[in-house]
Amino acid sequence: MDEREPVARYLSMLGSERGFSANTLNAYRLDLRKLSGFLQGQGCKDAVSLTRRDIPGLLAFIHQQGLSPASVARSLAAWRGFYRFLLCEGEIHENPFINLATPKATARLPKALGREQVLRLLEAPGEQFRTGRRQPDALRDDAMLEVLYATGLRVTELLTLDLNSVNLAVGFVQAFGKGGKQRVVPLGEIAVTKLRLYLERGRPALLRTRSSNRLFVTRSGRGMTRQGFWKLLGRYARSAGIVRRISPHMLRHSFATHLLEGGADLRVVQTLLGHADIATTQVYTRVERDRLKKLHTEHHPRG
């Protein structure tokens with residue numbers, strides 16, 4: 001299946017009209033390549049050749065790859081949307097995926113860190129700074145981790161912040177989430193203090209004579225990459241004595257979970273996280289219920 005036509009037009013439409021993020025577009029591109037692999041195995045020369053009779057074989061093909069239910073559901077969504085696009089474009093006369101039931105992905109409960117773990121993690125860059133090792137990097141990392149936990153931003157939102165995204169005078173950060181949706185999130189005093197220290201002492205030392213509009217930069221003068229942030233997060237987690245493998249999204253989960261534990265309103269948390277649907281945020285209430293049930297079982301005499 002030639003990616004230039006019509007896959008490229010489909011992905012371009014998703015990006016320009018539907019506001020899909022680069023990460024989602026890349027995932028859809030991989031899903032469509034899986035479809036291409038199936039078609040080639042069936043001797044089909046292009047996507048138009050797929051018929052309703054081929055769908056059972058396609059479903060068996062995708063399940064044989066050992067993908068998670070969530071990945072299978074996303075692949076089906078990508079394919080269904082692609083063929084709906086082909087129908088609208090007049091490339092096909094019937095959508096082979098019409099009325100096809102999509103298996104629901106098993107809802108995975110978000111994994112959050114405990115408060116003590118978060119505290120140790122946030123203190124880890126400061127230890128490097130106090131011992132004199134890689135001070136500009138440590139100041140940057142200190143600010144990045146604090147901002148991530150203070151705001152609950154997605155890692156892509158954090159890494160694409162520019163200098164105009166933060167207002168330290170009022171203590172807010174402006175983030176652009178999925179679909180380019182904008183939201184303003186408070187930073188908190190500690191995050192403001194760490195950001196100010198990084199901007200005054202860390203960032204100039206990293207940039208030297210170079211210039212960049214990105215808020216968080218590396219020694220090369222470029223913005224921090226997702227892979228680079230994963231690596232530094234893992235390093236600081238080990239330094240903090242956290243043995244479990246953690247991801248940037250776990251700090252976002254921790255942000256939401258700890259807010260709800262503290263009594264925050266669910267709608268407020270939804271707004272801070274940038275969730276379009278309240279149902280996405282409600283999963284955190286289940287986490288809190290499970291935690292309370294566990295505490296009751298452990299400590300109540302009749303538990």
Side-chain angles (χ1 to χ4, degrees), residues 1-108 154-157 159-160 175-183 223 225-227 247 249 270 273-281 283:
M1 186 164 58
D2 189 346
E3 253 197 38
R4 291 172 298 177
E5 293 289 344
V7 172
R9 287 187 285 121
Y10 172 57
L11 294 175
S12 177
M13 180 275 293
L14 293 178
S16 60
E17 298 180 20
R18 300 282 300 279
F20 279 30
S21 70
N23 293 331
T24 302
L25 291 175
N26 286 334
Y28 269 46
R29 183 176 290 109
L30 292 175
D31 292 329
L32 291 168
R33 285 178 183 169
K34 294 187 184 78
L35 174 63
S36 178
F38 170 78
L39 291 171
Q40 290 173 7
Q42 298 296 307
C44 301
K45 61 181 181 180
D46 54 34
V48 177
S49 306
L50 187 76
T51 68
R52 182 78 174 186
R53 291 190 301 271
D54 297 317
I55 299 301
L58 176 59
L59 295 177
F61 170 80
I62 195 67
H63 282 291
Q64 287 169 2
Q65 298 188 28
L67 301 176
S68 68
S71 295
V72 171
R74 191 201 61 219
S75 293
L76 288 175
W79 299 339
R80 178 184 281 108
F82 176 55
Y83 279 90
R84 189 164 52 241
F85 172 79
L86 291 179
L87 187 64
C88 292
E89 293 283 297
E91 301 272 353
I92 57 175
H93 300 293
E94 183 180 79
N95 185 346
F97 287 92
I98 193 167
N99 298 327
L100 179 69
T102 303
K104 289 188 177 182
T106 303
R108 291 184 298 175
R154 302 176 180 92
V155 64
T156 301
E157 294 170 347
L159 299 179
T160 54
F176 289 89
K178 293 182 177 180
K181 293 180 181 178
Q182 174 186 323
R183 70 184 188 280
T225 64
R226 288 169 60 92
Q227 293 82 357
S247 68
H249 221 62
Q270 177 193 5
L273 291 174
H275 286 161
D277 190 345
I278 188 67
T280 309
T281 317
V283 69

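Each residue takes its place number in the sequence, starting with 1.
- Atom CD in Gln65 sits 11.0 Å away from atom CZ in Phe38 (nearest 0.5 Å).
- The minimum heavy-atom distance linking Val155 with Arg226 is given by the pair CG1-NH1, 3.3 Å.
- How far CZ of Phe97 is from CG of Leu58: 5.0 Å, rounded to the nearest 0.5 Å.
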Start with the C-alpha gap between Asp46 and Ser49, add the side-chain angles, then the distance that decides, and say whether side-chain contact (heavy atoms from CB on, under 4.5 Å) holds. CA-CA 6 Å; Asp46 54 34; Ser49 306; 2.9 Å; yes
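- Across Ile62 and Lys34, no two heavy atoms sit closer than the pair CD1-CD, 3.6 Å.
- Heavy atoms only, all atoms of each residue included: Ala47 and Leu86 are closest at CB-CD1, 4.4 Å.
- The shortest non-hydrogen separation linking Leu32 to Trp79 is CD2-CD1, 3.9 Å.
- Atom CG in Leu25 sits 6.0 Å away from atom CG in Leu14 (nearest 0.5 Å).
- Closest non-hydrogen pair, Pro96 versus Thr51, comes out as CB-C, 3.8 Å.
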Could you walk me through whether Tyr10 and Glu89 pass side-chain contact (heavy atoms from CB on, under 4.5 Å), step by step? CA-CA 10 Å; Tyr10 172 57; Glu89 293 283 297; over 6 Å; no
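- Taken from CG in Asp31 to CG in Asn26, the straight-line distance is 11.0 Å, to the nearest 0.5 Å.
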Given side-chain contact (heavy atoms from CB on, under 4.5 Å), test Thr160 with Phe176 step by step and report yes or no. CA-CA 9 Å; Thr160 54; Phe176 289 89; over 6 Å; no
Val7/Arg29 under side-chain contact (heavy atoms from CB on, under 4.5 Å): CA gap, chis, key distance, verdict: CA-CA 8 Å; Val7 172; Arg29 183 176 290 109; 5.6 Å; no
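- The OG atom of Ser71 lies 11.0 Å from the CG atom of Leu76; values are rounded to the nearest 0.5 Å.
- Taking every heavy atom of both residues into account, Phe82 and Pro6 meet most closely at CZ-CG, 4.0 Å.
- Taking CZ from Phe85 and CD1 from Ile92, the interatomic distance works out to 11.0 Å, rounded to the nearest 0.5 Å.
- Judged by distance alone, the side chain of Arg52 and the main-chain N or O of Ile98 form a donor-acceptor pair under 3.5 Å.
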